[in-house]
4 protein chains.
Amino acid sequence: MPEEPRRQARGQRRMVQLLDAAAVVFAEAGYAKATTNAIAKQAGVSPGTLYQFFANKEALAEALAERYRSELAAAHAKAFDPGTAHLPLPELVDRMIRPMVEVNLANPGFKALFGSGDLPDKLTAPTRALQRAVIGRVAEVLAARYPDLPPDRLETTAAVATQIFAALLGTIVSTPAAHRERWITELNQALVGYLTPVDQRV
Amino acid sequence: MPEEPRRQARGQRRMVQLLDAAAVVFAEAGYAKATTNAIAKQAGVSPGTLYQFFANKEALAEALAERYRSELAAAHAKAFDPGTAHLPLPELVDRMIRPMVEVNLANPGFKALFGSGDLPDKLTAPTRALQRAVIGRVAEVLAARYPDLPPDRLETTAAVATQIFAALLGTIVSTPAAHRERWITELNQALVGYLTPVDQRV
Amino acid sequence: MPEEPRRQARGQRRMVQLLDAAAVVFAEAGYAKATTNAIAKQAGVSPGTLYQFFANKEALAEALAERYRSELAAAHAKAFDPGTAHLPLPELVDRMIRPMVEVNLANPGFKALFGSGDLPDKLTAPTRALQRAVIGRVAEVLAARYPDLPPDRLETTAAVATQIFAALLGTIVSTPAAHRERWITELNQALVGYLTPVDQRV
Amino acid sequence: MPEEPRRQARGQRRMVQLLDAAAVVFAEAGYAKATTNAIAKQAGVSPGTLYQFFANKEALAEALAERYRSELAAAHAKAFDPGTAHLPLPELVDRMIRPMVEVNLANPGFKALFGSGDLPDKLTAPTRALQRAVIGRVAEVLAARYPDLPPDRLETTAAVATQIFAALLGTIVSTPAAHRERWITELNQALVGYLTPVDQRV
DNA sequence: TATGAATGAGTGTTCATTCAT
DNA sequence: TATGAATGAACACTCATTCAT
């Protein structure tokens, strides 16, 4: 009975296909103006098929956010090890910035789900989840560096850092590669500036 | 013959009414999902009337952005005078933050036009104009404080500061009043942190 | 009490003004796409005023058709006298064509009411009246030339001639003046061709 | 696997259905006042379905014009063969008139697209195409009969003949069947009259 | 599973007409 | 009389979602 697994494999491929298509369309049009029919067409599939895998447009966005979350997790895991936490601040910040920028560059749809404030209220949920995930990563790093920071300070600091991050990410990603480094430096300075007092206090 | 002026006054009142209604609806639904019929209804007016004053949905958004721009200008003008530029950095930043937060709090639609990346391409223009206006204000303040800063540094610094600003504004405004001050402090620290190196370099 | 007549005179002026405006707008946009608001604006008057003089868009068209009918009558009266009826056929036809073309050229709105087949059913009435008036003129001329033609033949012949007329009028009027004569000649030939058998039969 | 073709067949049927519906509605209301929702309802279909097959109202009109063009072509092809060109003029003209009248009678929407001058500018194109197609047919016949006629005379003559044609078609089609023949005869005489000089000159 | 035709409520916008002033 | 703001039904068109095949 090799039916089942083969079917599941095909199903997995379809989902990937659809998610890829959604990323492309979200990137081109933004979430709100993206149409499910356009996504289906981009995936080379009929609208009906799309709804066999995702209950609705929202579910598609959620799954895409989830995918980004795991890519981010992988990239972070690669960039950090226990020793990293005690690098000089500018270097540490650089290690936080780079993978994020790269994931963003590699996934054009990312920004549409991470940055935008014009998503329908319901969609705030998966989007917020993505943001919470990033905040979580940042918090881990800060926790390793500042073990004595009280939890609520930790949380707040991570949240603010992430928001600064998100704010400049748009500019960084949409800037032509040649000028990109300049904005990355600027982001680095902003984050270092924000974290320096914490560094000194501890 | 008070006829003419009275009519014009009515026209003015209608525009204000419609702009108010648009602000409410944009705030609730975001620009993209806001419907002109909903705005008209919120204004207690028929759809046709809306179109007597505004050529289309976009024009409404433009006028609203313009209103915000001028409210912002007024608030800034009140907060600054030539002496302000040489206040200690945290105080200066506080003077930049407060009016912005207040205008935002007083105008619920603001965020929908200022923050969002999901506006139609055409609308990018007035929205960007709003952003540029804010950046302009910030640049003026920085220019007064750092007269020797080269223009491109000035521009970049103002842009980054404004983006940090915009990023945290959302959190500040949507936080219940009781906890708001905490986030304002955080924003202040972020901006001070970003600007401190400039302060020292000059 | 010179009030009354003066008022009436003003009323007359307004009607002329509005009719002129309607002619311009009908000419530019066609009856169907012409808007009463555009006509009012063209007349330098408010929409309400328009409706003080004409019950609705249709009534405007009717009045305009009536004006054209009387201009046509005047032009015809000038072109014909009892002797004309026995001119050689091509000359007679020429005398029928010329004033019609001139009235058309002088009144750009004419075609919109005379030619078009896309008027609402109700408007067929005034339009048909205009056509009937033209047919009547043609019938008179034919009656003078062919006194023995039975009335129903007369009617039919006049109707057909008028329709041929109307069909080519559009082309003639919209052709640049330099080439106009060529199409007038063609129309002349068509009408002469159609009427020649009648000429010979009698 | 009769799946695909069956679906396509359904699609074809829908298009025919919609075109039929459009013909009916255009005939009743004229192009300008016909509504796409009315056409959909007449076809027993939702508005959305209409737009699955035709991009917009215009496209519907274009497709309808195209259908008429091909019906006309078929009817003409049936009525003419190389020998026809040298029939006595009245018979030749009769052969040109009949199929046109019949196509017109069978397709009530025809007139709305063929005659009217009140179509939107863009629609002028397919409408003109229909007219040009008719003129082309006429020109072919004339070319066969008068091989020595210079091309520009041919063109002009065909155009004028077609316009005379179009002008009387309305009357013919809207006349009750009992009296129809009388008007056909009249149209025949008009065309014969117009063409006789050409016949003699050659 | 996959299809794609079908749905239909809803969108931004228009315009003939009315009416308070 | 004259104004012009106000109306609101109607229009062309869209799109997330469903469902017969």
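Predicted model only: the values in this text are computed from it and were never measured. Residue numbering restarts at 1 for every chain, and letters A, B, ... go by the order of the sequence lines.
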Does [N] have its OP1 or OP2 closer than 4.0 Å to a side-chain nitrogen or oxygen of [X]?
X       : N      : result
A:Ser46 : E:dG4  : no
C:Thr36 : E:dC15 : no
B:Arg14 : F:dA6  : yes
B:Tyr51 : E:dT14 : no
A:Thr49 : E:dA2  : no

With sugar-phosphate meaning primed atoms plus P, OP1 and OP2, does [X] contact a base, only sugar-phosphate, or nothing at under 4.0 Å between heavy atoms?
X       : result
B:Ala34 : sugar-phosphate
B:Thr35 : sugar-phosphate
C:Phe54 : nothing
B:Asn37 : base

Interatomic distance, [X] [atom1] vs [N] [atom2] [rounded to whole Å]:
X       : N      : atom1 : atom2 : result
A:Leu18 : E:dT1  : CG    : P     : 13 Å
D:Glu58 : F:dC13 : CD    : C1'   : 13 Å
B:Phe53 : F:dT7  : CZ    : P     : 10 Å
D:Lys41 : E:dT7  : NZ    : P     : 13 Å
C:Lys57 : E:dT14 : NZ    : C1'   : 12 Å
C:Arg13 : F:dT1  : CZ    : C1'   : 13 Å
A:Met15 : E:dT1  : CE    : P     : 12 Å
B:Phe26 : E:dG12 : CZ    : C1'   : 12 Å

Just do the side chain to side chain contact (heavy atoms under 4.5 Å, CB included) check on B:Leu64 and B:Arg69 with the steps written out, would you?
CA-CA 9 Å; B:Leu64 199 54; B:Arg69 187 160 55 192; over 6 Å; no
Select from C:Ala38 and D:Val45 the residue whose nearest nucleotide in DNA chain E is closer to the 5' end of that strand.
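Of the two residues, D:Val45 wins.
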Who does F:dG8 pair with, Watson-Crick or G-U, both distances under 3.5 Å?
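Check on F:dG8: paired to E:dC15, both distances under 3.5 Å.
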Nucleotide paired to E:dT21 in any strand shown, Watson-Crick or G-U, under 3.5 Å:
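Across all strands, the one nucleotide that pairs with E:dT21 is F:dA2.
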Can the positive tip of B:Lys33 be found less than 6.0 Å from the middle of the six-membered ring of B:Phe26, inside 45° of the ring normal?
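Judged by the rule, B:Lys33 and B:Phe26 form no cation-pi pair.
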Taking the six-membered ring of C:Tyr51, is NZ or CZ of C:Lys57 closer than 6.0 Å to its centre and within 45° of its axis?
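Not flagged: C:Lys57 not positioned over aromatic ring of C:Tyr51.
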Taking the side chain of A:Gln52 as its heavy atoms from C-beta onward, which of E:dT13, F:dT17, E:dT3 lies nearest to it?
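Between E:dT13, F:dT17, E:dT3, the one nearest the side chain of A:Gln52 would be E:dT3.
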Strictly distance-based, threshold 3.5 Å: is any side-chain N or O of A:Thr49 a donor or acceptor partner for the main-chain N or O of A:Val45?
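Flag not set: sc A:Thr49 to bb A:Val45 has no pair under 3.5 Å.
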For D:Gly109, is there any backbone N or O sitting under 3.5 Å from a side-chain donor or acceptor partner on D:Asn107?
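No, D:Asn107 side chain to D:Gly109 backbone: no donor-acceptor pair under 3.5 Å.
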Nearest-nucleotide wise, let me know which of D:Pro47 and C:Leu50 is further upstream toward the 5' end of DNA chain F.
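This one resolves to C:Leu50.
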Stepwise side chain to side chain contact (heavy atoms under 4.5 Å, CB included) check, A:Phe53 with A:Gln17:
CA-CA 11 Å; A:Phe53 291 92; A:Gln17 214 174 114; over 6 Å; no
